Amino acid sequence: MQHWLLKSEPDAFSIDDLKAKKISMWDGVRNYQARNFMKDKMQVGDLAFFYHSNAKPAPHIAGIIKINSKTYPDPTQFDPKSKYFDEKSTEANPRWWLIDVKFIEKFKEPIYLSELKSNKKLKDMMLLQKGSRLSIQPVSLEEWNVILDKLPNVKNLT
DNA sequence: GCCAACGTTGGC
DNA sequence: GCCAACGTTGGC
């Protein structure tokens with residue numbers, strides 16, 4: 001199993017929104033590297049951190065979600081009314097793909113970016129690299145466990 | 001709101 | 001294929 005970190009701005013789609021829906025499409029990814037992670041590397045059942053970027057009072061990991069489907073074409077690319085519409089994409093040859101995610105857990109206390117930065121064991125984490133802004137990132141098992149070790153209350157996720 | 005870093009576009 | 005210009009991301 002691989003682990004991931006998925007970013008979303010909470011004003012657009014938050015972990016509370018996902019909690020209410022239980023399962024949701026992770027739509028709107030318009031970056032090829034992020035898309036390729038979904039298409040080529042993600043497996044149904046993989047776990048991911050739900051990261052709130054551009055969040056107030058500060059960016060943070062808000063909880064845990066699960067990859068709940070294989071990739072399929074992102075329907076928003078075909079919708080002229082969507083802000084994610086892509087006129088160069090066709091149904092026969094879609095450009096953009098997505099997976100469904102399922103709500104697993106919202107942390108009682110968010111894990112702030114500043115906490116991650118101050119942990120030496122996480123210095124190689126992709127999220128913390130200068131200029132890194134990929135919205136879908138792999139997280140190593142070591143990093144995953146270091147972060148979860150801070151959370152004695154998280155239930156067994158497997 | 002600022003701005004650094006990155007990604008994309010399109011002229012040549 | 002280069003690269004300038006533009007657009008986006010996202011922390012601060």
Side-chain angles (χ1 to χ4, degrees), chain A residues 2-21 24-42 46-67 71-101 103-140 142-151:
Chain A
Q2 176 64 265
H3 295 87
W4 304 96
L5 181 143
L6 274 57
K7 293 183 187 172
S8 177
E9 300 196 13
D11 286 349
F13 186 72
S14 73
I15 197 164
D16 289 326
D17 296 329
L18 180 59
K19 186 176 184 178
K21 294 178 68 176
S24 171
M25 295 188 292
W26 195 266
D27 61 13
V29 172
R30 295 293 181 270
N31 171 284
Y32 288 103
Q33 211 179 336
R35 180 203 69 179
N36 291 343
F37 277 132
M38 286 195 289
K39 232 168 156 303
D40 304 334
K41 297 284 165 51
M42 272 187 182
D46 284 355
L47 295 173
F49 289 128
F50 193 128
Y51 181 83
H52 280 167
S53 58
N54 261 320
K56 288 170 184 163
H60 58 271
I61 297 173
I64 293 172
I65 60 183
K66 183 186 276 188
I67 309 310
T71 44
Y72 59 96
D74 181 341
T76 63
Q77 71 194 304
F78 306 124
D79 178 2
K81 295 193 289 290
S82 169
K83 66 183 254 194
Y84 298 120
F85 177 63
D86 185 343
E87 61 180 5
K88 292 179 184 163
S89 187
T90 63
E91 307 233 10
N93 189 17
R95 262 194 195 186
W96 306 112
W97 298 69
L98 53 67
I99 40 81
D100 290 341
V101 295
F103 176 82
I104 299 292
E105 173 97 18
K106 180 185 177 184
F107 299 151
K108 283 182 182 165
E109 299 289 338
I111 303 176
Y112 288 104
L113 179 62
S114 56
E115 298 176 62
L116 302 174
K117 281 183 173 174
S118 64
N119 191 326
K120 280 185 185 154
K121 291 178 185 167
L122 298 175
K123 66 178 172 51
D124 293 328
M125 199 178 172
M126 188 180 287
L127 181 72
L128 306 184
Q129 304 314 302
K130 183 174 177 158
S132 164
R133 47 179 222 192
L134 252 194
S135 66
I136 294 181
Q137 307 182 354
V139 174
S140 76
E142 292 80 2
E143 292 159 355
W144 182 268
N145 286 331
V146 165
I147 293 166
L148 279 195
D149 280 347
K150 301 155 70 79
L151 299 164

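We name chains A, B, ... by the order of the sequence lines, and we start the count at 1 in each one. These numbers come from a predicted model, not from an experiment.
- Here the CD-NZ distance, from Q2(A) to K41(A), works out to 8.5 Å after rounding to the nearest 0.5 Å.
- The side chain of Y112(A) places no N or O atom within less than 4.0 Å of a non-bridging phosphate oxygen (OP1 or OP2) of dC12(C).
- Atom CG of L134(A) is separated from atom C1' of dC6(B) by 10 Å (rounded to the nearest Å).
- Distance CE (M126(A)) to C1' (dC6(B)): 14 Å, rounded to an integer number of Å.
- Here the CD atom belonging to E143(A) is positioned 12.5 Å from the NZ atom belonging to K121(A), to the nearest 0.5 angstrom.
- In this structure, K56(A) places its NZ atom 12 Å from C1' of dC12(C), rounding to the nearest Å.
- In this structure, L128(A) atom CG and dT9(C) atom P are separated by 20 Å, rounded to whole Å.
- Close to dT9(C), at under 4.0 Å from its OP1 or OP2, lies no side-chain N or O of K130(A).
- Picking from dG10(B), dG10(C), dG7(B) the nucleotide with the shortest atom distance to the side chain of K88(A) gives dG10(B).
- Contacts of K117(A) with the nucleic acid, taken as non-hydrogen atoms under 4.0 Å apart, involve only primed sugar atoms and P, OP1 or OP2.
- In this structure, the CG atom of L116(A) is 11 Å from the P atom of dG11(C), given to the nearest Å.
- Note: OH (Y32(A)) to P (dG7(C)) measures 18 Å, nearest angstrom.
- Nucleotides of DNA chain B nearest to R95(A) and N54(A) differ in position, and the one nearer the 5' end is that of N54(A).
- At whole-Å resolution of the value, CG in L127(A) and P in dT9(C) are 16 Å apart.
- Aromatic pair Y72(A)/W96(A): centroids not less than 6.0 angstrom apart.
- You'll find that the side chain of Q33(A) is closest to dG7(B), out of dT9(B), dG7(B), dC12(C).
- The side chain of R133(A) approaches dG7(C) more closely than any other nucleotide in the set dG10(B), dG7(C), dT8(B).
- Rounded to a whole Å, the CD atom of Q137(A) is 14 Å from the P atom of dT9(C).
- Remark: the R30(A) side chain and the dT8(C) base include no donor-acceptor N/O pair separated by less than 3.5 Å.
- Aromatic ring orientation, W144(A) versus F49(A): parallel (interplanar angle below 30°, classes split at 30° and 60°).
- Of the inter-residue distances, the one linking F50(A) atom CZ with W26(A) atom CH2 reads 4.0 Å to the nearest 0.5 angstrom.
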